[in-house]
Engineer: 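My structure is below; once you've seen it, I'll send some questions.
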Amino acid sequence: MDPNLQREWSFNDFEIGKPLGKGKFGRVYVAREVKSKFVVALKVIYKEQIEKYKLHHQLRREVEIQIILKHPNILRLYGWFHDSERVVLILEYAHNGELYKELSKRHHFSEKEAATYILCLTEALAYCHEKHVIHRDIKPENLLLDHEGRLKIADFGWSVQSKMKRQTMCGTLDYLAPEMVENKGHDYAVDNWTLGILCYEFLYGAPPFEAESQIDTFQRIKNVDLIFPPSPLVSSDAKNLIRRLLVKDSSRRISLQKIMEHPWIIKNANSIG
Ligand SMILES: COc1ccc(C(=O)Nc2ccccc2)cc1NC(=O)CCSc1ncnc(N)c1Br
């Protein structure tokens, strides 16, 4: 299916399959384009919700940005259509679903898997930053896996709360950088912080500043209270990279370029991307 060819899409062009998840603003279904048999994910958003929450501009801007973003680690938005009561986004379908289901099943990833995912994320972020797009929200629930196990950032404009969503996800602070927790406004470097959180969580199975209460998590983030439990599975190179990312001063965090050249990444990531 070359989505750019067809001008106007409609529901009749698709056979709708099973629901993939549902958010406050709509549901996501697997679907197949009838002519080409191409499998996609359709995200159905109700117009009354868009009106109610004044989402027109955000949705329009997001669609404009997403349509130009073409990167192997960013979920494609092929196009969209609407009928009287719904707006439908035609999305790339990630056959292996949410990375977090994989992580909760496996408890933690190997250094090779973790490094490969971090490299994919770094390349996708570098691509976005060169396109001056920084609203990539690499919250963990936005990470999907395609049929080859390749990571895809799926920017859930509105989070899709699928059944298996981990409790801590909703409203979790674990991924917020200090400058966000202290409400100092943030820039590109916040994504570098999140890469550090994710790298830690891929290797240890839980984010570094997790705590009983949100207040404690706040405190631990602000103090960058970073502890590495003794583990034979995590090399000192990995800890070195995490320490270079989880730096309070956002201007001193290791850059995306330097991440790609870090010994731990060079040694462990395989570049299937
Ligand atoms: C480029 O991906 C998007 C781009 C935009 C928006 C969006 O809703 N924007 C938005 C919605 C309302 C208001 C303002 C913005 C959402 C996504 N993506 C998603 O919703 C992911 C759907 S879940 C899924 N998708 C594929 N394969 C799977 N296995 C799964 Br599970």
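We count ligands from 1, going down the list as the structure has it; atoms in each ligand are counted the same way.
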Engineer: Does V28, backbone or side chain, put an N or O under 3.5 Å from an N or O of ligand 1?
Structural biologist: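 Checking ligand 1 against V28, no N or O pair falls under 3.5 Å apart.
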Engineer: Determine the interplanar angle of the F81 and F14 rings, folded into 0 to 90°, and report it as parallel if under 30°, tilted if 30 to 60°, perpendicular if over 60°.
Structural biologist: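 Correct class here is parallel.
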Engineer: Checking the side chain of K47 only, and the main-chain atoms of V87 only, is there a donor and an acceptor separated by less than 3.5 Å?
Structural biologist: no
Engineer: Have a look at ligand 1 and work out which part of I74, if any, has a heavy atom under 4.0 Å from it: side chain, backbone, both or neither.
Structural biologist: neither
Engineer: Is the shortest heavy-atom distance from the side chain of F202 to the side chain of L99 under 4.5 Å?
Structural biologist: yes
Engineer: More than 12 foreign heavy atoms under 6.0 Å from CD of E212: is that the case here?
Structural biologist: no
Engineer: Can you list the ligand 1 atoms lying under 4.0 Å from a non-hydrogen atom of L75?
Structural biologist: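 Answer, ordered by atom number: 1 (C), 2 (O), 25 (N), 26 (C).
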Engineer: List ligand 1 atoms under 4.0 Å from E62, heavy atoms only on the residue side.
Structural biologist: 4 (C), 5 (C), 6 (C), 7 (C), 9 (N), 15 (C)
Engineer: Report, in ascending order of atom number, the atoms of ligand 1 lying under 4.0 Å from any heavy atom of L89.
Structural biologist: 5 (C), 6 (C), 7 (C), 8 (O)
Engineer: Kindly confirm or rule out an N or O of R76 lying under 3.5 angstrom from an N or O of ligand 1.
Structural biologist: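 No; every N/O pair is 3.5 Å or more apart.
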Engineer: Ignoring angles and geometry beyond distance, decide whether K43 reaches within less than 3.5 Å of ligand 1 through its nitrogen or oxygen atoms.
Structural biologist: yes
Engineer: Does ligand 1 have an atom that lies less than 4.0 angstrom from a heavy atom of E92?
Structural biologist: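 Flag set, E92 near ligand 1.
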Engineer: Is it the side chain, the backbone, both or neither of L91 that has a heavy atom closer than 4.0 Å to ligand 1?
Structural biologist: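 The answer is the side chain.
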Engineer: Using a 4.0 Å cutoff against the non-hydrogen atoms of L144, which atoms of ligand 1 qualify?
Structural biologist: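 The atoms of ligand 1 under 4.0 Å from a heavy atom of L144 are 24 (C), 25 (N), 26 (C), 27 (N), 28 (C), 30 (C).
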Engineer: Is it true that, when you exclude K258 itself, more than 12 heavy atoms of the residues, nucleotides or ligands shown sit nearer than 6.0 Å to its NZ?
Structural biologist: no
Engineer: Ring-plane angle category for H95 and H147, please: parallel below 30°, perpendicular beyond 60°, tilted otherwise.
Structural biologist: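 If you compare the ring of H95 with that of H147, the planes turn out perpendicular.
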Engineer: Closer than 3.5 angstrom, by distance alone: can the side chain of N268 be matched with the main-chain N or O of I265 as a donor-acceptor pair?
Structural biologist: no
Engineer: Under a 4.0 angstrom heavy-atom cut-off, which atoms of ligand 1 come close to Q66?
Structural biologist: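 Close to Q66: 1 (C), 4 (C).
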Engineer: With atoms numbered from 1 as shown, which atoms in ligand 1 lie under 4.0 angstrom from a non-hydrogen atom of I45?
Structural biologist: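 Matching atoms, with element in brackets: 11 (C), 12 (C).
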Engineer: Do F109 and Y204 have their ring centres less than 6.0 Å from each other?
Structural biologist: no
Engineer: Are there more than 12 heavy atoms of other residues, nucleotides or ligands under 6.0 Å from atom NZ of K37?
Structural biologist: yes
Engineer: Test of understanding: given a 4.0 Å heavy-atom threshold, classify the contact between A41 and ligand 1 as side chain, backbone, both, or neither.
Structural biologist: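 Only the side chain of A41 comes within reach of ligand 1.
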